[in-house]
Colleague: 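If you scroll down you'll find the structure; I have some questions about it.
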Amino acid sequence: MITLDRLVNVLGGYGVRLCGRPEARSAWLRSVAMPDATGRPAAGDLLLAVGTTSIAEAVQWAAASRATAVLVRPAGNGADAERDAAALGDRHGVAVLLADPAVSWSQLAGVVYGLVLESRETASGRGPTDLFALADSLADVIGGAVTIEDRHSRVLAYSRSQQAGDPARLETILARRVPDRLRELFQQRGVFARLAATDEPVFVPADAEHGLTGRMAVAARAGRELLGWVWVTCERPLTGAHLRALADGARTVALHLLRSRASADLERQVESDLVIRLLEGSSDAETVISRLGLAPQPMRVVAVRAHTSDRHAALLLAFEQATTGFGWSRPGRSALLGDTLYTVIPAEQAGTARQWITALHRELPAQVRVAAGISAPAEVAELPAARQEADECLALHESAGLGAVPPAYDESWDDILLRRLRAASRTGRTPARGPVSTLLRHDTSHGTRFVATLRAWLMNQGDLALAAEQLGVHPNTVRNRLRKMDELVPLDLNDGRKRLAMIIMLAAVEDEPRH
């Protein structure tokens, strides 16, 4: 059971588009059907119109079977087909999905059946609702309260009965993850190490100080890969049928998690491919934006890098978190390119993008450090240029100190320009001779402060008093230094072009940004 919105988002990567009836996106799809060879209407929320290339016939079939939506591969493909499909769909109350004739029915059916019949959704995002039923079943068999978690100790499902629970379990469920103090306790007791090393259930004794009654945990593993674990409260270690039920339940949980991940990975791949097309420049950018479920409005590109002892793991965690949830519940769409996570987010104000970055960072493990850069607002066709802006702001943020606010290009373009100038200076592309170069060498050799004085005078537009205040000296000192500098090398301070050139040169050799 999934929403039509999610199905459309995934099938968009295969050239499928929804024609009209945007209100139908919130409809739930619980079953799939194909036309019956006997001619009887097929029963199902989504009808695959195999056997016809006529939109009108496909819609009639869907209306006869009372389907919510119909997927058809029309003979014609273009604006006329989309208009016809929208009109017929509105007339019969059916959402019409047009498929690219180049995509085979077997491929489309495989994706549709996998999503509708194998995938499940919960209010918190991706994840099979069957896990809750499984948790209830295990709790009934074993007699304890069951909690199912992923390998990062985030709660995926839990049994409805709270009678056998304890304060620690309640706190875990409310926070949707195991509290840090409990994780530290389990680490100290070696619980996680034993779960990672064995498929056998592990008993954790009670700890009244932490609100913890006794419980057993077992790893949910696919081959050698640890996917999560199952916890059940119990006063003493389980034995016999109860122990076997817990072990069998963990294997079933692993199967559900694999199915859920396969569905999620498919959707993430489709989304990532579409976002990359936008960032690299696409001739059909408006169509791509529509397939991503975003409105054609000004957007910002956010570039993120996550750092920890395992940089690749941190980046994958950030990508997983950025794409957790359904299209309609997330403000942006994301892709991984190299060592950077890019997110296209509708935002006029930089503060909206910063809030998204803060929310992403909050969901990552405490040891993960996040650096980010934000582009200026851009139209859809300008997103490749916005990506470069986000990259430059990301580099600026990475060079800043801890706690610095992620910069946005429209607010920090001057720092970006100065950074470019300094990069050019370091590659030897600034003049080796001239007033500024000569004064720099003189300061180095004689310990003078000619360059700092010249910079203060120029930045304060020739105001001796302001320059002196900035330098912490008397105005006469500034005047004397300027005279000595002019004796050393002609400054031509009355020439506006010369002053501008010296300001640019001084900015290029400056060590740090002004902000």
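Here the structure is a predicted model, which is why all the values come from computation and not from measurement. For the single chain, residues carry numbers from 1 onward in sequence order.
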Colleague: With a 4.5 Å cut-off on side-chain heavy atoms, are P179 and T172 touching?
Modeller: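 Sidechains of P179 and T172: in contact.
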Colleague: Any salt bridge linking E149 with R154? Criterion: basic side-chain nitrogen under 4.0 Å from a carboxylate oxygen.
Modeller: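 Answer for the salt bridge query: no.
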Colleague: Are the side chain of T198 and the backbone N or O of L195 linked by a donor-acceptor pair below 3.5 Å?
Modeller: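 No.
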Colleague: Once you round to the nearest 0.5 Å, how far does CG of L274 lie from CD1 of I289?
Modeller: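 If we round to the nearest 0.5 Å, L274:CG and I289:CD1 are 9.5 Å apart.
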Colleague: Assess, by modelled atom type and distance only, whether the side chains of R177 and S153 contain a donor and an acceptor separated by less than 3.5 Å.
Modeller: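 Note: R177 and S153 side chains miss the donor-acceptor criterion.
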Colleague: Is any side-chain N of the basic residue among R354 and E411 closer than 4.0 Å to the acidic one's carboxylate O?
Modeller: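 Salt bridge between R354 and E411, a charged N being under 4.0 Å from a carboxylate O: yes.
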Colleague: May I ask you to check whether D391 and Y342 show a side-chain donor-acceptor distance below 3.5 Å?
Modeller: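 Present: a donor and an acceptor within the cut-off.
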Colleague: Are any side-chain N or O atoms of T343 and backbone N or O atoms of I345, one a donor and one an acceptor, separated by less than 3.5 Å?
Modeller: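 Looks like no, no N/O pair under 3.5 Å.
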Colleague: Does the salt bridge (charged side-chain N to carboxylate O under 4.0 Å, His left out) test come out yes or no for D100 and R17, once each step is laid out?
Modeller: CA-CA 9 Å; D100 188 335; R17 60 238 185 251; over 6 Å; no
Colleague: Tell me, do V230 and L138 make a side-chain contact under 4.5 Å, heavy atoms counted?
Modeller: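 V230 vs L138: side chains touch.
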Colleague: Taking the six-membered ring for Trp, is the centroid-to-centroid distance between Y158 and W231 below 6.0 Å?
Modeller: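 Not under 6.0 Å, so no.
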Colleague: Would you say V301 and L383 make side-chain contact, with heavy atoms under 4.5 Å?
Modeller: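 SC-SC contact between V301 and L383 confirmed.
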Colleague: So that I can tick it off, tell me whether R369 and E398 are bridged by a salt bridge, with the cut-off set at under 4.0 angstrom between side-chain N and carboxylate O.
Modeller: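 Here E398 does not pair with R369 in a salt bridge, since their nearest N and O are not under 4.0 Å apart.
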Colleague: Please identify each residue that fulfils salt bridge (charged side-chain N to carboxylate O under 4.0 Å, His left out) with E171, with sequence neighbours left out.
Modeller: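 Checked E171 against salt bridge (charged side-chain N to carboxylate O under 4.0 Å, His left out); matches are R181.
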Colleague: Verify, without hydrogens or angle tests, whether E382 (side chain) and E379 (backbone) share a donor-acceptor contact under 3.5 angstrom.
Modeller: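 Side chain of E382 to backbone of E379, a donor-acceptor pair under 3.5 Å: yes, one is there.
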Colleague: Keeping H361 on the side-chain end and V368 on the backbone end, is there a donor-acceptor pair under 3.5 Å?
Modeller: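 Present.
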Colleague: For the pair R268 (side chain) and E320 (backbone), establish whether a donor and an acceptor sit closer than 3.5 Å, ignoring hydrogens and angles.
Modeller: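 Side chain of R268 to backbone of E320: a pair is present.
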Colleague: Within the distance-only criterion (no hydrogens, no angle test), does the side chain of E271 pair as donor or acceptor with the backbone N or O of R333 below 3.5 angstrom?
Modeller: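 Looks like no, no N/O pair under 3.5 Å.
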Colleague: Do L11 and V112 have side-chain heavy atoms sitting under 4.5 Å apart?
Modeller: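 Yes. Closest side-chain heavy atoms under 4.5 Å.
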Colleague: Could you list the residues that satisfy side-chain hydrogen bond (donor to acceptor under 3.5 Å, both in side chains) with Q297, not counting sequence neighbours?
Modeller: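 Here no residue qualifies.
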Colleague: Hey, does the side chain of E82 reach the backbone of C19 with a donor-acceptor pair shorter than 3.5 angstrom?
Modeller: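 Looks like no, no N/O pair under 3.5 Å.
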Colleague: Could you check whether D339 pairs with R305 (Lys NZ or Arg NE/NH1/NH2 to Asp/Glu carboxylate O, under 4.0 Å)?
Modeller: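 Counted as a salt bridge, because a side-chain N and a carboxylate O are separated by less than 4.0 Å.
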Colleague: Under 4.0 Å between a side-chain nitrogen and a carboxylate oxygen: does that hold for D410 and R300?
Modeller: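 Yes.
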Colleague: Does a donor on one side chain sit under 3.5 Å from an acceptor on the other, for S282 and D284?
Modeller: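 Yes - a donor-acceptor pair under 3.5 Å links their side chains.
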Colleague: Between R25 and E23, does at least one N-O distance fall below 4.0 Å, as a salt bridge requires?
Modeller: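 No, no charged N to carboxylate O under 4.0 Å.
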Colleague: Main chain of L226, side chain of R221: is a donor-acceptor contact present, judged purely on distance under 3.5 Å?
Modeller: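 Here the side-chain-to-backbone pair does not exist.
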Colleague: Any side-chain heavy atom of M502 within less than 4.5 Å of one from L454?
Modeller: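 Sidechains of L454 and M502: in contact.
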Colleague: Given 3.5 Å as the limit, does a donor-acceptor pair link the side chain of R455 with the main chain of L506, or not?
Modeller: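 Yes; judged by distance alone, with no hydrogens or angles, the pair exists.
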Colleague: Answer yes or no: is there a donor N or O on one side and an acceptor on the other, between the side chain of D45 and the main chain of T68, under 3.5 Å?
Modeller: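 Pair absent, no side-chain N/O of D45 close to backbone of T68.
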